[in-house]
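Reviewing the structure listed below.
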Amino acid sequence: MGSSALGMLFSIGFFITLISLSIVPQYSEGKTRHYEFNIKMQNVTRLCHTKSMVTVNGKFPGPRVVAREGDRLVIKVMNHVASNISIHWHGIRQLRSGWADGPAYITQCPIQTGQSYVYNFTVIGQRGTFWWHGHISWLRSTVYGPLIILPKRNVPYPFEKPYIEVPVIFGEWFSADPEAIIKQALQTGGGPNVSDAYTINGLPGPSYNCSARDTFKLKVKPGKTYLLQIINAALNDELFFSIPNHTLTVVAVDAIYVKPFESNIILITPGQTTNVLLKTKPYFPGAAFLMTARPYFTGQGTFDNSSVAGILEYKFPSFHLKKLPLFKPTLPPLNDTSFATNFTKKLRSLASPQFPANVPKKVDKQLFFTVSLGTNPCDHKNQTCQGPNGTKFSASVNNISFTLPTTALLQAHFFGQSNGIYKPDFPINPFHWFNYTGNPPNNTMVSNGTKLLVLPFNTSVELILQDTSILGAESHPLHLHGYNFFVVGQGFGNYDPQKDPKNFNLVDPIERNTVGVPSGGWVAIRFLADNPGVWFMHCRLEVHTSWGLKMAWLVLDGKLPNQKLLPPPEDLPKC
């Protein structure tokens, strides 16, 4: 079967309704659901280019995982490719089950060729749109898919019940091998080549050459309400998204219900999910509509400045029209920080009795992290790298560029073998103060190391994430594993510890697992460290993560049995 035909079958078969759970086995509450992921090579054609790439069960994107709040998921991953692999269940808190979180060399060693690993975890107190993806090198460019957690039985949504639920996943297509792209970039010290196209549900759409037939089409009925479960799985770009002549109602972000608000355009950073209600017109409109996404970009480097589009089509009435006018949306300029800021400010938690916003009011630990681009010397003398002034690009948190160990940090901690693997001395503040968003310092070099920040169980944390102007201010979407957090404040310029806390929202702040640090600004988050284990925090822009913009937390066990990390499974991969 040709790749275009596979794409058409995927768009039809993968994105059918979840109404009445018609495609999901009918389990009672709290049941165990089994899945098998076969990591295998598959020939896929896009942009008239065929390549063999790493997939799950031969699908791009991979299969949808569906469960209910309170269910246990048992997912066996079998690796049939030459590359090591691990899978992260993005947004799932993994309460005491950090062995199933997935980031390679953080909570597990990767699954080697010919080996398998069973991810075994229970979804506790969460429901909504999540996703899963590969979490080693750049394999997540092709290894990803939706993870939908439905509410418990007979628990309704706090908004209008949708007629159909439709996952909409943004991704990127690289005609070259993404692993080769990042490998070359790390060797030369320069920026990696950008993607050749963005995709919706794996399809580039009509705005790219040779892609008119590889277009995701959403066929709708008049007078119905559709829930779009939007996921940004792109490696390196925040995206604007809009459907012309239609208004979207935002009802959830990162699997957290929000106070609903209408918007013609949404902004979604890599790693985030956003659920929106699309109410179709009450009559056949006699037109089709381009559902379009394109990047929001504030940095200094190169990026894929193109647009991806799917088509919203109304199902024809009794008569047939051969050709319909096609409406296109108007999206903000690519660097429209004003729109990005205003959109973010509209996000508020429900803060209702059923869905409270339990933001910590008292803070035990105050932390201040700078997130920066920087440089490292070339690896070899007499070598000139392609970064600034012949150096290698690097990135850091508090000027420390994180070095991945060769033994998983969680294993080293649990078995008391941390010596020589990591140091528990990550700084809670930058070593040197400077005007973070003013003229950058002359020295752009960063230090390197594997350092963890240690927190006692149940510590309430306030963390300020401050962007810097070193090598140019830039928006950084940060993802925290193992936790949701509350975004209590944000602003531009340097954070002022005297003035800015007076404006913090401690009533109904949005709760997330991924937040964008504004370009040339800061964001304040709070969370309660009530989940023992080792937890990764990193930039969702994969190029910055590859350059070292990442760190890890070690949350110690509590005193009670239900406050301690569970023991590792027997099939835990070995390094």
Side-chain angles (χ1 to χ4, degrees), residues 238 253-254 256 258-259 267 269 271-272 298 337-338 340-349 351 356-372 396-399 426-430 433-438 453 455 458-469 473-531 535-540 549-551 553 555:
E238 303 178 67
V253 296
D254 287 0
I256 295 294
V258 303
K259 290 182 171 69
L267 173 67
T269 75
Q272 289 182 340
T298 58
T337 297
S338 175
T341 302
N342 291 333
F343 179 82
T344 301
K345 285 181 177 178
K346 295 177 183 177
L347 296 171
R348 292 285 186 268
S349 293
N358 294 319
V359 56
K361 302 296 195 300
K362 173 181 169 291
V363 174
D364 299 321
K365 197 85 169 176
Q366 289 186 314
L367 309 171
F368 186 93
F369 292 178
T370 56
V371 289
S372 309
S396 65
V397 180
N398 276 352
N399 207 48
F426 188 89
I428 65 173
N429 293 290
W433 182 91
F434 62 96
N435 184 0
Y436 303 116
T437 56
L453 196 153
L455 293 173
N458 253 9
T459 301
S460 58
V461 177
E462 180 180 280
L463 169 61
I464 310 300
L465 295 162
Q466 173 74 60
D467 184 36
T468 77
S469 57
E474 188 165 356
S475 176
H476 297 281
L478 270 292
H479 172 50
L480 176 60
H481 290 230
Y483 289 92
N484 283 348
F485 51 77
F486 292 93
V487 182
V488 298
Q490 69 177 51
F492 291 99
N494 296 331
Y495 171 73
D496 187 327
Q498 304 302 319
K499 296 180 181 179
D500 289 325
K502 297 176 182 178
N503 297 317
F504 282 0
N505 176 9
L506 302 180
V507 177
D508 61 350
I510 190 60
E511 186 178 349
R512 308 207 73 138
N513 60 61
T514 304
V515 65
V517 181
S519 176
W522 56 271
V523 64
I525 66 174
R526 289 187 181 186
F527 65 96
L528 183 65
D530 59 354
N531 191 12
W535 305 108
F536 207 21
M537 188 176 79
H538 59 106
C539 186
R540 285 308 313 169
L549 209 167
K550 47 196 175 186
M551 56 85 63
W553 310 74
V555 179

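- Tested against Ser372, the residues Asp467, Thr468, Asn398 include a single side-chain hydrogen bond (donor to acceptor under 3.5 Å, both in side chains) partner, Thr468.
- With sequence neighbours excluded, the residues that form a ring pair (Phe, Tyr, Trp, His ring centres under 6.0 Å) with His481 are His88, His135, His479, Phe536, His538.
- Judged by distance alone, with hydrogens and angles left aside, the side-chain atoms of Ser469 form a donor-acceptor pair with the main-chain N or O of Gly438 at under 3.5 Å.
- Take Lys362 and apply the salt bridge (charged side-chain N to carboxylate O under 4.0 Å, His left out) test, not counting sequence neighbours, and it matches Asp364.
- Around NZ of Lys502, the count of heavy atoms belonging to other residues, nucleotides or ligands within 6.0 Å does not exceed 12.
- Between Ser475 and Glu238, the side chains place a donor N or O and an acceptor N or O closer than 3.5 Å (distance only, hydrogens not considered).
- Ring centroids of Phe486 and Phe504 are separated by 6.0 Å or more, keeping the two rings apart.
- Tyr495 contributes no side-chain N or O that, together with a main-chain N or O of Asp500, makes up a donor-acceptor pair within less than 3.5 Å.
- Counting only heavy atoms from C-beta outward, the side chains of Phe368 and Pro497 never approach each other to under 4.5 Å.
- No side-chain heavy atom of Asn531 sits less than 4.5 Å from a side-chain heavy atom of Val555.
- For Lys259, the side-chain contact (heavy atoms from CB on, under 4.5 Å) partners two or more places apart in sequence, or in a different chain, are Arg348, Leu350, Ala351, Asp508.
- A donor-acceptor distance shorter than 3.5 angstrom exists from the side chain of Gln466 to the backbone of Gly493, with no hydrogens or angles considered.
- In plain terms, the two heavy atoms of Trp522 and Asn494 that are nearest each other are CD1-C, 4.0 Å.
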